[in-house]
Each structure stands twice: as C-alpha cells, then as structure tokens.
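What follows is one structure encoded as structure tokens, with my remarks underneath.
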Amino acid sequence: MNTFNKQKDYYQSGQTKPLKHRIEALTYLKSTIKSHEKDILAALYNDLHKSEFEAYMTEIGILYSEIDYTIKHLQKWVTPKKVKTALTHIGTKGHIHHDPYGVTLIIAPWNYPFQLAMAPLIGAIAGGNTAIIKPSELTPSTSAIIEKMIAQAFIPEFIAVKQGGIDVSQQLLETPFDYIFFTGSVNVGKIVMEKASKHLTPHTLELGGKSPAIVHDDASLKLAAKRIAWGKFINAGQTCVAPDYVYVHKDVEDAFLTYLTEAIEALYSDDALTHPDYTHIVSDKHFDRLSEFLNDGTRFYGGETDKTTRTITPTILTNVTWDMPVMKEEIFGPILPVLTYDQLDFIIHAITKQPKPLALYLFTETDYTREKIIRDIPFGGGCINDTIYHLATPYLPFGGVGQSGTGQYHGKYSFDTFTHQKSILKQSTMFDIKLRYPNQKSGLKWV
Ligand code: NAD
C-alpha cells in the first residue's frame, strides 16, 4: 500500500483527531527539531551558506515560537464555537466545528527550505490531519535532514517525507489529497491550482512577486535605509517578501542612497564576497539569471560576483525603468533597483498596473500617506516603517492576493487553513414553527 493510502487509513482510524494527540505531536516535533538543531544548521550552511545566526533566527527560532503559540491556544481553537441565533431560527442552537481535512500535501520551496516545510506542518498537525511533505530538490542537504528527522519522530502513516523534483511533485499532485498547501513560484502555483481542480481539492498557494518599498520624503531616512538593507539582503535577497525594488521620493534620493550603502557595509562590510555571514545563491541557474540583471540601469553600488561560490554582492541599481528585464520578473536575489517619484499618485498608478504584490513596505511619518497607500494599492500584507517583520507574528495572517497567492497562515490562521468550518444547527423537538410548511397558519405547534 502506498503512503497516501496508509495515511488515509490512519486518518480514518481517528487517531490524529484527539487534542491530546495533536499536542503530543507538536511537542514532539519541537523536541525533535531541538535535538537535530546542529544538523539542520549544517545542512542550511551546506545548501545556501546561511550563517548560524541567520539560519537560527529565520528557520528554527520562528518555528519554536509558532509551536508554543499553537499549543497554548489549541484547546480554545478546537472547541466548537457557539454562534448567535437568528430571530427566524428561535429554538435552535448553531455551532461551528473545525473539522480536519484528512490527508494533506505540503510542497515547499528552497529559499527557507526548513522553515517553509515545517511551518505548514504545524498547522496540519494542529488541525488534526496527516501530512506528506515534498521538500525542495534544490537544497538536498536540508531535504535529507527533514526526511531523517521526520522518519525518526513519526510513523509514515501520520507524517511522511517524499523527496524528489518536479516528477515526484507532479505525481503527488495527481493524488486525491484532501488539502494541498503549496509554497513556491507563481508559474508552478498555476500548475498546482490546475491539478487541484481535477479533484476539487481545497488549497493554499503561497506565491511570490515584486514587492515594493516606498520611501516618502517625510520618512525617517536612516532607519528606512537600515531596515530595507536588512530585509533585502538577508538570505541574499532570496526571500519571498524581500523588498524587490524601492521607490524613493526624488527630494531624498541622494541622502537615502548614502544611508543605504552605509547600512549594507554595516551588515556585510565592503567585501560581502568573502563575508562569513552572507548567504550564497542557491544554484548556477539562478546565479546566471541574476548576473544578467547586473547589466540593467546604472550600477550605483556592488555588483561583484564569484561564480565558484555563487556569490553576488549587495547591489544597488539606479536609472532603472520598467521595460528592463530586472523589472519584468521577481528578482529573488541581492539586486535592488532604486526608482524615484515625485507624486504619490504616480507610484500608485505604476504599482497597481503590476500584479498584486505579496508585500509592500511604506516609510513615512504621516497618517495621510499611510492611509492613502493602504487604501489605494492592493497587496498581501506589509509594514509601515519596516520590512518583513509582519510575517513573524502569529497574530497577523500571512499570505498573498491575486497572483501573489490564495489563502493565509500563521498562528490561528494556520489552524483555520487546515480545518474545514463545519456548520451545525441543532433544532428543538419541543415545538415546530408552522410558517415554513405550505398551507399552514403561522404560529407555533407544541410537539
Ligand atoms: P518553485 O515553484 O520552482 O518550486 C517550489 C516547489 O514546487 C518545489 O518543491 C519544486 O520541486 C516543485 N515544483 C517545481 N516545478 C514544478 C512543476 N512543474 N510541477 C510541480 N511541482 C513543481 O519555487 P522555488 O524556486 O522553490 O521558490 C521560489 C519562489 O517561491 C519565489 O517565487 C518566491 O517568491 C516563492 N516563495 C513564496 C513564499 C511565500 O510564503 N509566499 C515563500 C517562499 C518562496
């Protein structure tokens, strides 16, 4: 029997549903990650040259917080929610039950290869499901440790890992899973949605796109530069919510660019090529793709490359226009085009002409600017006066809109994503309301 069928049987046995089982599994997941920390960090270094500090913060620590938060609130979340009774429904009681979906599929990308395979798993377990995880083939060391760790911790009937590339992914997508949680590119997201439609499988798509940062003329410039440099060059720009490009008000462009170069050098010195804490590019293919972008606009800062280690230094491009290749696709690397604007309406028009971004970051000190941008530009989520931080709190749903994704997760939103809200109306048998039946006078009939 294949893993999917085994999981189906295991799920039908009801063993994943009790609260106790879910909490024990989450607790065990946390202790298993803890006992494999060293191997996970080594794998991330091997695959992406991620520093221990960065890897711990973005791939491991964030999971511990998510598990702790979920365990703390799970009892409340699983308890059926009583709803109000409408006047037309006197005598009834309504409840919402959070039902697990069943056997779920989690497909993960390579950029945060550990965290993005485990974070959805927390939701799947909390929801009372089983799960098959398909990690990325581009980060083989991390995928291997995920498989080893999960096999040690859980029986495959409950949680299993299937390693492999596109062929394995496509084979899994032919299977009638009860839920698919996909994180990856827009193009593959479309394939997943198409495959899901065959079985009408509910799904979440966590995708990408070009996320803008806007630096208005009233921004706290030095801090804006520091936070944009951090959010852009962490993981060498290979972050779905990294600021893809910056729109800076023309009056503050020079000062902003000066602060930005200072911020980059404070993070990675003036020699990121050999810096021990600077992440490398995942593959030769991505290195070559990114290297092409270095020919666009004017190279204001950086642009050094080393093909042997697949490193590209933090780079700022100016004099960039929307018809250049660097502005035609998600950059997903350490290259930051900086464009200028004069009027807010100009950038609102320019950004809304593009597919809806996953994130948007606005740097301003005025309520008017903040309210206008939030109201007039659709995007998944974002920050005012910061970058990336919005995804690290369990209190905010994280996800895209339109081409940047469908659905959301983190905290309670992960639990909601991995459960179906089953509505139950309990009717009274003490009396019957005549009105609904044809040819009967209005009023109550006591039974
Ligand atoms: P990808 O879409 O190439 O791959 C993601 C997963 O899909 C991998 O496991 C891969 O094996 C599988 N896959 C690839 N091609 C497939 C196909 N034709 N059919 C079926 N499965 C296939 O994405 P990636 O390069 O690993 O990741 C980068 C992308 O992911 C970026 O666009 C980034 O913005 C996005 N991303 C989004 C989030 C988010 O939370 N929204 C997080 C990280 C990355």
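All residue numbers in this chain count up from 1 along the given sequence. For ligands, and for the atoms within them, numbers begin at 1 and follow the listed sequence.
- At the shortest separation from atom 12 (C) of ligand 1 among protein heavy atoms lies Ser169 OG, 3.8 Å.
- Around the CD atom of Gln152, the shell of radius 6.0 Å holds more than 12 heavy atoms that belong to other residues, nucleotides or ligands.
- Both tests do not hold together for Lys226 against Tyr259: distance to the six-membered ring centre under 6.0 Å, angle to the ring axis within 45°.
- Protein heavy atom at the shortest distance from atom 17 (C) of ligand 1 is Ile166 CG2, 3.5 Å.
- Proximity of Tyr112 to ligand 1 is not established, as no heavy-atom distance is less than 4.0 Å.
- Atom CD of Glu292 is surrounded by 12 or fewer heavy atoms from other residues, nucleotides or ligands within 6.0 Å.
- In terms of protein heavy-atom proximity, atom 32 (O) of ligand 1 is nearest to Glu330 OE1, 2.7 Å.
- Residue-level proximity to ligand 1 for Asn111 is carried by the side chain, the only part with a heavy atom below 4.0 angstrom.
- Within the structure, the closest approach of Ala108 to ligand 1 falls below 4.0 Å when heavy atoms are considered.
- Comparing Phe398, Phe332, Tyr409 by heavy-atom distance to atom 40 (O) of ligand 1, the nearest is Phe398.
- Looking only at protein heavy atoms, the nearest one to atom 7 (O) of ligand 1 is Phe182 CE1, 3.4 Å.
- Applying the side-chain hydrogen bond (donor to acceptor under 3.5 Å, both in side chains) test to every pair with at least one member in residues 372-392, sequence neighbours left out, gives these pairs: Asp345-Lys372.
- When the shell of 6.0 Å around NE2 of His97 is examined, it contains more than 12 heavy atoms from other residues, nucleotides or ligands.
- Contact atoms of ligand 1 toward Gly208: 34 (O) (distance under 4.0 Å to a heavy atom of the residue).
- Counted within 6.0 Å of NZ on Lys8, heavy atoms from surrounding residues, nucleotides or ligands total more than 12; the atom is thus considered enclosed.
- The residue from Pro120, Ala242, Pro109 that puts a heavy atom closest to atom 27 (O) of ligand 1 is Pro109.
- Of the heavy atoms in Asn187, none comes closer than 4.0 Å to ligand 1.
- Among protein heavy atoms, the minimum distance from atom 10 (C) of ligand 1 is reached at Glu137 OE1, 3.6 Å.
- Within the 4.0 Å cut-off (strictly below), a protein heavy atom is located near atom 21 (N) of ligand 1.
- Close approach to Leu116 involves these atoms of ligand 1, each under 4.0 Å from a residue heavy atom: 42 (C), 43 (C).
- Every ring pair (Phe, Tyr, Trp, His ring centres under 6.0 Å) that Tyr179 has, sequence neighbours left out, goes to Tyr101, Phe418.
- Environment of CD in Glu52: sparse, with no more than 12 heavy atoms of neighbouring residues, nucleotides or ligands closer than 6.0 Å.
- Scanning Ser404, Cys240, Ala119 for the heavy atom closest to atom 36 (N) of ligand 1 points to Cys240.
- Geometric assessment of Lys34 against the ring of Tyr64 yields a positive cation-pi assignment under the 6.0 Å and 45° thresholds.
- Panel note: side chain Gln115, backbone Thr58; a donor-acceptor pair is recorded below 3.5 Å.
- In terms of protein heavy atoms, atom 25 (O) of ligand 1 is closest to Trp110 NE1, 2.7 Å.
- Counting the atoms of ligand 1 from 1 in the order shown, those under 4.0 Å from a heavy atom of Leu358 are 41 (N).
- Aromatic ring centres of Phe158 and Phe154: separated by under 6.0 Å.
- In this structure, Lys50 is positioned above the aromatic face of Tyr112, its NZ or CZ under 6.0 Å from the six-membered ring centre and within 45° of the axis.
- Protein heavy atom in closest approach to atom 2 (O) of ligand 1: Ser185 OG, 2.7 Å.
- Applying the 4.0 Å criterion to heavy atoms of Ile107 picks out, from ligand 1, the atoms 6 (C), 7 (O), 9 (O).
- Residue nearest to atom 5 (C) of ligand 1, selected from Thr204, Thr183, Val188, Val186: Thr183 (by heavy-atom distance).
- The proximity of Leu207 to ligand 1, defined as any non-hydrogen pair under 4.0 Å, is limited to the backbone.
- Counting heavy atoms only, Gly184 comes closest to atom 29 (C) of ligand 1 of the residues Pro113, Gly184, Gly400, Pro135.
- In this structure, atom 19 (N) of ligand 1 lies nearest to the protein heavy atom Gln170 NE2, 3.1 Å.
- With a 4.5 Å cut-off on side-chain heavy atoms, Val246 and Pro337 do not count as touching.
- More than 12 heavy-atom neighbours from other residues, nucleotides or ligands sit within 6.0 angstrom of CD on Glu371.
- Proximity to Ile191 (heavy-atom distance under 4.0 Å) selects the following atoms of ligand 1: 18 (N).
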